[in-house]
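Read the structure below first, then the notes.
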Number of protein chains: 2
Amino acid sequence: MAKRESYHHGDLRAALVEAALELIAERGIDALSVAEAARRTGVSPGAPYRHFPTRLALLKAAATRAAELLAADLRAALEKTANPTEALAATAGAYVRFVVRHRAGFDLVFAAQLRPLADPALGEAGRAVMDVLLPIALELTGDAQSALDLLQQHIAAAHGFAVLHLSGFISRYSPGVDDVAEGAANASRALAAAARGD
Amino acid sequence: MAKRESYHHGDLRAALVEAALELIAERGIDALSVAEAARRTGVSPGAPYRHFPTRLALLKAAATRAAELLAADLRAALEKTANPTEALAATAGAYVRFVVRHRAGFDLVFAAQLRPLADPALGEAGRAVMDVLLPIALELTGDAQSALDLLQQHIAAAHGFAVLHLSGFISRYSPGVDDVAEGAANASRALAAAARGD
DNA sequence: GTCTATATGCTGATAGAC
DNA sequence: GTCTATCAGCATATAGAC
């Protein structure tokens with residue numbers, strides 16, 4: 001359902017969200033600026049306010065889009081994984097790559113600042129991401145509480161690898177993204193093994 | 001060795017670093033502003049430039065101080081730990097508490113932005129932190145490479161727990177810092193067990 | 001209804017004169 | 001150290017063109 005191609009853009013809203021994601025990828029969440037997103041989209045500084053009443057609204061839209069992209073990446077990583085442990089490890093690697101590419105992950109999608117529960121689209125997108133991971137953890141642990149615990153550990157480890165790589169700590173030991181992704185995958189294998197009660 | 005108590009402060013430099021750490025704790029690393037640090041210290045906006053040529057220099061000094069405080073917290077956590085696994089777990093919990101309190105940890109101390117290797121004081125302070133953790137990992141694994149791998153996993157997991165708690169993700173499942181610290185400690189126990197080759 | 005042009009009012013990083 | 005600029009970047013508001 002494309003818009004009527006009225007002005008310079010058929011869909012300025014979507015273009016702004018894309019620009020916002022690019023900006024976040026380059027300079028981080030805090031550096032997102034409505035003015036800069038407008039500049040990159042080739043519109044005037046006031047134009048975004050037809051679509052987003054405030055900077056926070058644009059950030060929420062970007063977070064929602066990020067969650068959709070993340071869920072897709074995680075689902076893709078799950079194809080051709082043989083067992084639950086390897087499935088979990090695959091999502092760890094995919095998550096690291098996602099965060100390194102977009103400079104954002106669960107921290108953006110679930111940022112308290114965005115009140116994700118108050119925004120239906122964002123809340124739903126976040127839930128969709130969790131829905132990809134929860135069945136894997138459940139399969140590994142059997143009961144719901146242990147599954148949540150494992151998932152927390154798994155996500156925390158992957159997120160830590162990603163952000164510490166970005167800030168430069170991990171990269172002084174393993175320079176490439178591939179190494180970092182593999183490191184996170186190994187951590188998740190270890191956590192899965194422990195959760196299975198080995 | 002106090003300065004000569006010339007103007008309003010005996011030691012403006014130290015006061016500014018403290019103010020910088022407070023600001024970071026309240027609003028995050030990106031929000032550190034020289035002007036605000038000056039305001040809190042009760043001096044004019046230009047005063048800090050007598051001690052720090054640039055905002056980045058103040059940030060480096062704050063990172064150095066943070067590393068010293070972190071090393072002290074980790075050492076304190078190690079007292080009365082019975083075995084290497086519990087020692088590792090204890091540092092995970094202490095690290096989470098530190099990051100939650102200061103809104104900064106390894107990401108600040110080793111931030112590539114700060115070129116920690118080019119700053120002797122910061123580089124040394126960062127090394128001191130690692131020197132607290134390395135022996136524990138070595139005791140667990142026996143060889144250096146596995147120790148580094150374990151340490152990476154351990155730090156990444158603890159850091160992930162802390163920052164995801166801060167952004168609001170973890171806190172929707174476990175509200176208190178204590179729970180989060182314990183979650184990180186458990187993750188490190190699992191990682192240690194796997195590294196020991198269970 | 002969607003945008004452009006432009007302005008307001010703020011905050012910050014520095015610079016220079018005292 | 002102080003004070004007083006300078007200059008930039010941003011969020012957001014408004015007026016009017018299409």
Side-chain angles (χ1 to χ4, degrees), chain A residues 1-63 103 108 111 113-115 119, chain B residues 1-63 103 108 111 113-115 119:
Chain A
M1 224 100 69
K3 296 263 175 77
R4 323 168 216 19
E5 176 62 292
S6 35
Y7 282 80
H8 292 65
H9 279 93
D11 194 349
L12 178 58
R13 191 197 147 89
L16 286 168
V17 170
E18 286 310 306
L21 284 179
E22 271 175 35
L23 267 171
I24 291 171
E26 289 168 25
R27 301 189 229 162
I29 293 170
D30 289 352
L32 171 63
S33 120
V34 178
E36 178 71 18
R39 210 170 300 139
R40 296 210 178 186
T41 316
V43 298
S44 74
Y49 288 86
R50 282 293 139 189
H51 300 276
F52 304 102
T54 166
R55 173 188 180 275
L56 197 62
L58 174 57
L59 193 54
K60 279 185 197 181
R103 246 186 174 65
L108 175 60
Q113 191 193 13
L114 304 186
R115 308 194 175 291
D119 183 308
Chain B
M1 226 100 68
K3 295 261 177 78
R4 320 164 218 24
E5 178 61 296
S6 34
Y7 280 79
H8 292 64
H9 279 92
D11 194 349
L12 179 57
R13 191 196 146 90
L16 286 168
V17 170
E18 286 311 306
L21 284 179
E22 271 176 36
L23 267 171
I24 291 171
E26 288 169 26
R27 302 190 228 160
I29 294 170
D30 289 351
L32 171 62
S33 121
V34 178
E36 177 71 17
R39 211 170 297 138
R40 296 210 178 186
T41 317
V43 298
S44 77
Y49 288 85
R50 285 289 139 186
H51 298 277
F52 304 102
T54 167
R55 174 187 180 276
L56 198 61
L58 174 56
L59 194 53
K60 279 186 196 179
R103 246 187 174 66
L108 174 60
Q113 190 193 13
L114 304 186
R115 307 194 177 291
D119 183 310

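By convention in this document, chain letters (A, B, ...) are assigned in the order of the sequence lines, proteins followed by strands, and residues within each chain are numbered from 1. Side chains included, hydrogens not; waters and symmetry mates left out as well; all remaining heavy atoms used.
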For atom NE2 of A:His51 and atom P of D:dA11, their distance in whole Å
17 Å
Nearest-Å distance for atom pair CG/P, residues A:Leu16 and C:dC3
9 Å
Using a 4.0 Å cut-off on protein heavy atoms (strictly under), produce a 5'-to-3' string for nucleotides 11-18 of chain C with B for base contact, S for backbone-only sugar-phosphate contact, and - for none.
-SSB----
Under 4.0 Å, heavy atom to any atom of DNA chain C: which of residues 17-25 of chain B qualify?
none
To check you understand the geometry: which heavy-atom pair defines the closest contact between B:Leu108 and B:Ala63, and what is its length?
CG-CB, 3.7 Å
What's the verdict on side chain to side chain contact (heavy atoms under 4.5 Å, CB included) for B:Asp119 and B:Arg115, showing C-alpha distance, side-chain angles and the deciding distance?
CA-CA 7 Å; B:Asp119 183 310; B:Arg115 307 194 177 291; over 6 Å; no
Tightest non-hydrogen contact, residues A:Tyr49 and A:Thr54, listed as CE2-CA, 4.2 Å
How many Å lie between CZ on A:Arg13 and P on C:dG1, as a whole number?
17 Å
Looking at B:Arg40 and B:Glu22, is any side-chain nitrogen of the basic one under 4.0 Å from a carboxylate oxygen of the acidic one?
yes
Could you go through B:Phe52 and B:Arg13, starting from their C-alpha distance and side-chain angles, then the distance that decides it, and tell me whether this counts as side chain to side chain contact (heavy atoms under 4.5 Å, CB included)?
CA-CA 8 Å; B:Phe52 304 102; B:Arg13 191 196 146 90; 3.4 Å; yes
Looking only at non-hydrogen atoms, find the nearest pair between A:Pro45 and A:Pro48 and report the distance.
O-CD, 3.4 Å
Between A:Ser44 and A:Ala38, what is the shortest heavy-atom contact and its length?
O-CB, 3.6 Å
Which pair of heavy atoms, one from B:Ala37 and one from B:Leu23, lies closest together, and at what distance?
N-CD1, 3.7 Å
